[in-house]
Amino acid sequence: MNMVQKITEQIREIVGESVKGCIDKGILNIEDIPEIQVEIPREREHGDFSTNIAMVLAKQAKKNPVAVARDIVENADYEGTYVDSMEIAGPGFINFRLNNLWLYKTVEIIHNEKEDYGRVNIGQGKKVMVEFVSANPTGPMHMGNARGAALGDSLAAVLDAAGYDVPREFYINDAGNQVEKFGKSLEARYLQLFGLDAEVPEGGYQGEDLVDLMKELKERDGDKYLDMDSEERQQVFIRYALKKNLDKIKTDLADFGVNFDVWFSEQSLYDSGEISDTIEYLKEKGYTYEQEGAIWFKASEFGVEKDEVLIRSNGIPTYFAGDIAYHRNKFITRGYDWVINIWGADHHGHVPRMKGAVEALGVNPDRLDVIIMQLVRLLREGEVVRMSKRRGKAITLSDLIEEVGRDAARFFFNLRAADTHLDFDLDLAVEKSSENPVFYVQYAHARICSILNQIVQEGIQVPAIDGINLTLLKENAEIDLMRKLAELPEEITRAAMTIEPTRITRYVQEVAALFHVFYNTCRVMVEDERLMMARIALIEATRIVIANVLGLLSISAPERM
RNA sequence: GCGCCCGUAGCUCAGUUGGAUAGAGUGUCUGACUACGAAUCAGAAGGUCGUGAGUUCGAAUCUCGCCGGGCGCACCA
């Protein structure tokens, strides 16, 4: 159950009935009542909840907002609800003051729901796929992939908590042009190991990791590929290296707390014939044409600036063709209602044509959301570190985990919305100082555990929640904390609806802050045993909330630090 | 040139879809441990919300112009 939601509905009911009453009595002249917006004001003096409905209705009613608010308040009946009083403030806000019962009820709910507290069911089991990372298996993952991994995984967790059925999917780009270049680069490195004259081709992969891969292969198989046909040899190298890299990607992501349900191979779309089927489908629909030996998709018929090539004049399909087939597979073959992709900002130009293609497949493009993630800029000693995979020498995800740890890295990436340009200061992140906000939150959790441990140590018996008198919690610090705890289900709802998981990171920081304030003003282990029990119940509820949110972010909630 | 993203305190960023006196963290300064963890708390200082207009009861938020930064605009992925 969700107390904020419940009270919001109660207030809508109270206000709605009052407005209807006013209309019937001829006090207000209103045709249709718009949706009544209820919010929790920032300032405490503005009550527990408020609505701006009077200001919204003022124009229609041809009255000034304060007068409308007065009519609504005078005709409102809130007997038997959580509302204690209503007052008019500022330019026409109606503020509601509530009986604290809703807060005590919240603590009780948290105790009863435990790790499920915060879960809501706006998704109603609807299937939504989140595709993210999808790093090229031609090398190690960079910071952009790391950010995508942290954001995508948290988004999936938030959607899951919001009642959606959410598989996580990784698209493996194991086909096409770049893989071919990868093969040529590997071949050159292999030949070099035997002192033969070979060079990594123009635009190939220069990274040292390719040398290491070929060294391993040489150790295993020796010179057996020297006499092999070049084409065949490259295929062997590609298979070997892709497997190695992909295994590394899998273990790195697992170390990062990210586990995919499906690893979807681009190559499989060729093997199954889905790419040719998809192109055939588009042809039949008349969405293609041939020009200069290439097959083009009429993207311009779907509001895109220009048309796009599907099959090059050399007969090889483009990446885009593969991506269309992939999305056809997602929406039609597998029947997803909703698909979310997380892409780097350097792919944003791809969004309109992808949506256009989806529409061409007969699928409403609104069912596809693409989150464009701004690129990560690495700073070291105040200098920007360039990260080109081609030239090698980039900070990889495994470097990052090793240096700053999973918790700090995941928290850091989830601190900023996807559309902000993120500066990742390595010196600061490496430093395990109190400046890192993840410690602030974890410390709150550890502090609570420490108190709870002490309670156990001293053999203090704590009754079940319904045996505790929560109404003794009256201090401002206690009230503020409970109000914040009550907001978790709403916070998850909002994070899911706006597909912005970073909201919950900020939320959990606020919870931690309010707990620290509480800790400094109220003692838990006090003489008055009834009060002590109430406070134990409150900190346990706080601990549950912090642990639940950190769980969504795959960050540990330590009992001591 | 065209398109997308961003511009809020010295720095890093929030700002509940148009609401009340624009908020945190960090940094600077001043205080609080002989009771549950000082990785904490309390207080002070810090603002032309890039800029100019427009929309209205009301704009950091919406519209348009301009300035600055990032990223795209391939028969690459």
Side-chain angles (χ1 to χ4, degrees), chain A residues 37 39-43 45-46 50 52 55-56 58-59 64-66 89-93 95 134 136 138 173 175-179 181 203 266 291-296 305-306 308-320 322-323 344-352 372-375 377 415-423 425 428 432-444 446-455 457-458 477 487 490-491 494 497-498 502-503 506 509-510 512-513 515-526 532 535-536 539 560-561:
Chain A
Q37 283 182 35
E39 59 181 24
I40 297 176
R42 202 177 48 242
E43 297 289 329
E45 298 110 58
H46 296 148
S50 80
N52 64 351
M55 290 179 282
V56 177
K59 198 167 196 174
N64 95 49
V66 176
F93 287 99
N95 295 336
S134 300
N136 284 331
T138 49
N173 301 135
N177 222 328
Q178 51 161 10
V179 172
K181 274 193 177 141
E266 181 183 2
Q291 188 182 304
E292 292 165 18
I295 306 291
W296 293 71
E305 272 182 68
K306 53 193 173 69
E308 296 290 332
V309 171
L310 291 175
I311 302 181
R312 301 187 198 103
S313 47
N314 63 8
I316 298 172
T318 58
Y319 174 84
F320 183 46
D323 224 6
D346 52 343
H347 286 67
H348 78 253
H350 190 50
V351 178
I372 290 300
M373 189 180 63
Q374 295 302 312
L375 300 177
R377 219 163 48 142
L415 217 40
R416 307 277 170 255
D419 60 8
T420 60
H421 300 268
L422 180 64
D423 281 345
D425 187 332
L428 186 79
K432 283 192 181 172
S433 71
S434 59
E435 284 163 41
N436 200 325
V438 68
F439 293 116
Y440 183 83
V441 177
Q442 290 181 319
Y443 182 56
R447 246 184 172 176
I448 294 169
C449 290
S450 172
I451 301 171
L452 294 175
N453 266 327
Q454 199 153 328
I455 303 281
Q457 295 287 316
E458 300 196 6
E487 285 173 26
E490 280 300 290
E491 208 52 56
R494 194 172 285 277
M497 289 193 320
T498 58
T502 58
R503 300 184 63 93
R506 292 190 286 274
Q509 282 181 286
E510 288 168 10
F515 168 74
H516 287 309
V517 172
F518 161 80
Y519 181 89
N520 278 278
T521 44
C522 302
R523 214 183 130 69
V524 175
M525 299 175 78
V526 287
M532 173 162 68
R535 286 185 173 161
I536 291 171
I539 65 170
R560 59 180 77 77
M561 303 169 61

*Asks:* With a 3.5 Å cut-off and just heavy-atom distances, do the side chain of A:D346 and the base of B:G72 make a donor-acceptor pair?
*Replies:* no

*Asks:* RNA chain B in dot-bracket, Watson-Crick or G-U pairs under 3.5 Å, [ ] crossing, | other strand?
*Replies:* (((((((..((((.....[...)))).(((((.......))))).....(((((..]....))))))))))))....

*Asks:* Given the rule in the side chain to side chain donor-acceptor pair (under 3.5 Å) test, do A:Q178 and A:N136 qualify, once you have shown the distances and angles that lead to the verdict?
*Replies:* CA-CA 9 Å; A:Q178 51 161 10; A:N136 284 331; 3.2 Å; yes

*Asks:* Base contacts versus sugar-phosphate-only contacts with protein, heavy atoms under 4.0 Å: please encode nucleotides 57-63 of chain B as B, S and - from 5' to 3'.
*Replies:* S------

*Asks:* Taking atom P in both B:A14 and B:C57, compute the distance separating them and give it to the nearest angstrom.
*Replies:* 32 Å

*Asks:* Taking the C1' atom of each, how far is B:C29 from B:G68, in whole Å?
*Replies:* 34 Å

*Asks:* Given the C1' atoms of B:C64 and B:G46, what is the spacing between them in whole Å?
*Replies:* 34 Å

*Asks:* A:F515 ring centre to A:R447 NZ or CZ under 6.0 Å, with the angle to the axis within 45°?
*Replies:* no

*Asks:* Flag the pair A:R416 / A:Q374 as yes when at least one side-chain heavy-atom distance between them is below 4.5 Å, and no otherwise.
*Replies:* no

*Asks:* Check if the side chain of A:H347 and the base of B:G72 share a donor-acceptor pair of N or O atoms closer than 3.5 Å.
*Replies:* no

*Asks:* Quote, to the nearest angstrom, the C1' distance that separates B:A45 from B:C5.
*Replies:* 34 Å

*Asks:* Is the closest side-chain heavy-atom distance between A:M373 and A:L422 below 4.5 Å?
*Replies:* no

*Asks:* Which residues pass the ring-ring contact (aromatic ring centres under 6.0 Å, His included) test with A:H347, sequence neighbours left out?
*Replies:* none

*Asks:* With a 3.5 Å cut-off and just heavy-atom distances, do the side chain of A:T318 and the base of B:A77 make a donor-acceptor pair?
*Replies:* no

*Asks:* Between the base of B:G3 and the side chain of A:H348, is there a donor-acceptor distance below 3.5 Å?
*Replies:* yes

*Asks:* Measure across A:T521 and A:A477 and return the closest heavy-atom pair with its distance rounded to 0.1 Å.
*Replies:* OG1-CB, 3.4 Å

*Asks:* With rounding to whole Å, what would you report as the distance between B:A22 and B:C13 at their C1' atoms?
*Replies:* 14 Å

*Asks:* Any base atoms under 4.0 Å from A:A58, or only sugar-phosphate, or nothing? Heavy atoms, all strands.
*Replies:* nothing

